[in-house]
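Order of the sequence lines fixes the chain letters, A, B, ..., with proteins taken first and strands second; residue numbering starts at 1 for each chain. Bear in mind that the values here come from a model prediction, so they are computed numbers and not experimental data.
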Amino acid sequence: MPSRYPRSSAHDHRYHELHNQAEEELARTLMYSELHALPPSHPAAPPEHLKEPLAYMRKAQAGWEKRVLKSLNSMSTELGVPLARMRPAVEQKELMNKWNEMGTDEPDLSRFRPVYAPKDFLEVLISLRNPNHDSSEDVSARSHWGLIQVPLNVRDIPQLRRAYSELNLATGQLGIDDHAHVPPDLFENDYVQIGKKVVLDQDSAAAQQYSRQGCPTGLRADLWALILNSTNQPPDVMHYEQLKAGVIQHDLLVDNLIYKDVKLTASNDDYYFVFEDFLYQVLLCFSRDTAVLEHFKYNSATPPKSYIQGKVGDEECAVVYPPNGVIPFHGFSMYVAPLCFLYNEPSKLYSVFREMYTRFFFRLHSISSCPSGIVSLCLQFERLLQTHLPQLFYHLRQIGAQPLRIAFKWMVRAFSGYLSTDQLLLLWDRILGYDSLEVVAVLAAAVFAFRAENLMEVTSLASAEAVLADLSTLKVMPLIQISLFASAI
Amino acid sequence: MSTIRVRKMSGSTEEVQAVSCSIKPPVYLQIGDTRTDAAHSGICVVDVSLPFGKPVSIEEISFKNYYTASVSVRLLRRGPGQEAPAKWCTALRDLSLMNNPHTEGGSQDFYSIHRTQMMEEPDHVVSVRLILRQPSSAWLTFSLEDIKIFPHTEPDPEKEVSDWLSDLTLGDQHPDLEGLPDPQTVSSSIQQMWALTEVMQTNQTTACIGRFDVDGCYDINLLSLT
């Protein structure tokens with residue numbers, strides 16, 4: 001037993017326990033920050049197999065990307081706006097002066113439309129088919145009432161209980177046991193002390209394990225940065241400044257999409273409108289960051305390619321567009337908005353967002369068979385609902401209100417903009433703690449379970465949407481806990 | 001990939017070519033009248049014949065899966081004497097390729113079976129029989145693709161080392177792997193570690209370079225659709 005964990009104090013014992021659990025987990029799964037994203041690969045497997053092992057999913061992703069690129073090309077041609085343009089010196093100077101208040105600008109964005117919205121993407125997922133899958137009607141034992149028709153392996157409740165054991169009824173949780181009516185010395189005080197120690201020791205693995213029970217508000221920023229290995233050292237700040245220079249120098253068509261998205265979503269949100277300027281500062285820089293291209297090794301998506309004018313076909317003049325290879329869609333800015341509550345320094349905020357995106361968020365808008373990918377999350381949501389609330393599912397199906405059509409928009413954004421921020425951050429604590437987006441699917445099913453009585457009364461998709469329109473009063477941890485540990489199996 | 005890299009006793013590595021073999025068309029087994037029975041078969045036999053008159057000692061069998069849930073490997077071995085009759089033995093029984101036969105996990109993955117995973121020594125092998133099983137009715141068909149057999153190479157004695165020393169190094173060809181991790185897991189972990197160092201190295205350089213333009217120019221054509 002290492003001597004720096006004396007047995008005398010209960011805090012230290014619990015901390016030591018936490019640390020050991022974390023180390024075991026680490027040893028078991030070889031979980032380093034970059035490593036966790038790379039699945040075990042066979043030497044004969046080509047790079048595309050690492051991105052996505054299933055051929056039909058690769059094909060579907062390629063087809064979807066082609067549609068998006070065509071759409072972007074059309075926009076550029078029809079509006080007469082080039083994909084990229086070097087800003088004249090005057091404009092560069094102007095932008096530099098206005099950098100901290102880009103939100104005050106009121107550019108004419110009426111001509112720009114988002115390249116796609118989540119519901120367009122949902123249609124693609126619904127049409128996914130495995131050509132080797134026997135979907136003849138005879139096989140009734142496997143009948144699936146939902147929209148997703150690909151046979152991915154998703155975990156059921158007994159498996160989820162084992163995987164998410166720290167969320168059980170007997171374990172203290174932030175989001176439940178820190179409630180105003182619960183005396184803080186029962187759980188909260190001790191838990192916060194342990195958290196402080198984790199931060200002091202800069203222990204990344206322990207921080208991840210700790211986050212499973214939630215992060216105290218005062219420690220969350222540091223804990224998340226630890227888990228994500230996000231630093232704000234001079235090289236990081238310099239990198240951010242370099243990106244900012246890239247924004248000043250070139251104007252990109254996708255910038256208008258970002259402006260439009262921020263104006264349409266975050267600026268209209270009561271919680272996030274104050275952060276409008278931050279969102280531009282992060283997202284515009286994000287588009288210029290070629291370091292993001294690394295994540296395409298394990299992302300089923302491929303960055304769009306183009307050539308310098310007049311040099312089509314010359315590989316020396318081939319470039320990626322936008323520089324980070326990510327085309328923003330309607331709602332993209334909501335991935336950044338909640339982080340503004342935690343970090344107020346742009347380069348730090350940027351660093352954390354970039355890590356969150358290249359670890360988690362990219363999986364929400366690309367077609368892959370990964371357990372954290374949006375396809376698996378959709379299937380898991382539908383399976384959980386069909387297994388545990390069959391009457392509700394059947395009823396909703398009958399009235400033309402397929403549950404996924406309502407839940408999809410929540411899951412694509414990992415609930416950002418739908419929950420109140422303190423609840424959203426408690427949810428994202430668990431995403432980081434378990435290094436998986438699975439809780440998002442579990443929560444989506446839990447929300448339907450919570451409002452089941454009302455939903456059984458409705459008779460149309462529109463009324464079902466209305467019942468589920470406002471999630472701002474929901475408390476996520478009780479819902480998840482009941483769903484996983486208190487439902488009858 | 002039609003070569004594998006094999007580490008020899010001396011520490012150097014060598015690229016080993018796959019043996020050219022003839023893979024017979026897969027035979028799907030049915031119960032009852034094969035013409036009228038509409039049910040999909042759940043078991044398939046693939047025979048791989050090695051070149052006639054040249055029995056092979058197998059280092060590794062590699063393949064790409066296509067919805068096969070598990071595979072068994074049987075070997076037809078002919079003893080060293082020409083008169084000795086060839087005998088079948090089971091080298092591997094029911095290696096799981098898909099952890100759930102009804103779902104996608106592992107369905108299109110690449111696999112290797114190393115000689116150390118086999119229950120019998122895969123030496124003097126004349127023919128390999130792969131028995132594929134897919135108990136789930138979820139799939140229309142199942143098979144293995146790109147089946148390759150790599151021969152075991154005897155390590156060369158170093159020319160400058162005297163005979164008695166080379167006898168020592170050639171000694172234990174088949175280390176007892178009981179209690180040690182499965183070579184496949186170890187080699188995947190090593191692959192992962194390698195990949196990690198690659199990623200970390202590239203990360204360092206792109207952070208410094210990171211230019212997205214070509215000599216200051218980023219006036220680009222419309223996006224390529226190919």
Side-chain angles (χ1 to χ4, degrees), chain A residues 30 32 34-35 38 40-45 49 53-55 66 69-70 72-73 76-77 82-86 130-134 139 142 150-154 235 239 242-243 246 250 288-291 293-294 297 304-312 316-317 319-324 369, chain B residues 1-2 4-5 40 62-67 98-100 102-112 136-142 146 148 184-185 187-189 191-193 195-196 198-200 202-203 206-226:
Chain A
L30 275 179
Y32 299 107
E34 288 92 349
L35 194 58
L38 293 165
S41 75
H42 187 276
H49 196 265
L54 303 181
K66 202 163 166 174
L69 298 191
K70 270 191 180 155
L72 200 57
N73 278 349
S76 175
T77 318
L83 290 174
R85 170 184 74 93
M86 172 96 94
N130 178 341
N132 193 33
H133 192 226
D134 186 349
V139 204
R142 286 186 286 109
V150 288
L152 296 175
N153 200 20
V154 293
H239 179 63
Q242 200 182 357
L243 298 176
H250 293 272
R288 271 79 174 166
D289 196 349
T290 53
L293 296 176
E294 270 315 302
K297 283 199 171 90
K305 188 175 157 181
S306 182
Y307 296 90
I308 300 295
Q309 294 268 15
K311 309 266 190 187
V312 178
E316 298 277 304
C317 297
V319 292
V320 169
Y321 181 85
N324 72 346
S369 57
Chain B
M1 186 197 308
S2 41
I4 53 166
R5 193 155 271 283
H40 294 169
S62 72
F63 51 83
K64 181 174 185 299
N65 190 15
Y66 192 74
Y67 295 92
M98 290 168 65
N99 53 25
N100 180 341
H102 303 292
T103 60
E104 293 278 6
S107 61
Q108 297 188 25
D109 280 353
F110 292 81
Y111 289 93
S112 287
S136 172
S137 56
W139 317 108
L140 296 174
T141 184
F142 62 96
D146 284 344
K148 291 195 168 75
Q184 200 48 43
T185 323
S187 83
S188 325
S189 314
Q191 287 288 322
Q192 282 182 292
M193 295 295 286
L196 168 64
E198 285 289 291
V199 169
M200 288 180 81
T202 356
N203 271 346
T206 45
C208 306
I209 304 172
R211 301 294 310 159
F212 56 80
D213 50 297
V214 175
D215 297 328
C217 177
Y218 198 58
D219 287 331
I220 54 176
N221 231 21
L222 290 181
L223 302 170
S224 292
L225 294 176
T226 43

- Under 4.5 Å from any heavy atom of chain B - which part of Pro53(A): both

- Geometric class of the Tyr218(B)/Phe212(B) ring pair [parallel <30°, tilted 30-60°, perpendicular >60°]: perpendicular

- Item | Options Leu54(A), Val154(A), Leu72(A), Leu293(A), ranked by heavy-atom pairs under 4.5 Å with chain B, top entry | Leu54(A)

- Message: We want to know whether Ser112(B) and His42(A) form a side-chain donor-acceptor pair, criterion being a heavy-atom distance below 3.5 angstrom.
- Response: yes

- Classify the side-chain pair Asp289(A)/His239(A) by whether it contains a donor and acceptor separated by less than 3.5 Å. yes

- Top of Leu225(B), Val214(B), Asn99(B) for chain A proximity - count of heavy-atom pairs under 4.5 angstrom: Leu225(B)

- Query: Does a side chain donor of either Glu104(B) or Asn130(A) reach within less than 3.5 Å of an acceptor in the other side chain?
  - Reply: yes

- Okay, Ser224(B) and chain A: the region with an atom under 4.5 Å from a heavy atom over there is both

- Given a strict heavy-atom distance threshold of 4.5 Å, which part of Pro235(A) is in contact with chain B: side chain, backbone, both, or neither? neither

- Item | Contact class of Lys70(A) relative to chain B, heavy atoms under 4.5 angstrom | both

- Contact part of Asp109(B) toward chain A, heavy-atom cut-off under 4.5 Å: side chain, backbone, both or neither? both

- Query: Do the two ring centres, one from Phe142(B) and one from His40(B), sit under 6.0 Å apart?
  - Reply: no

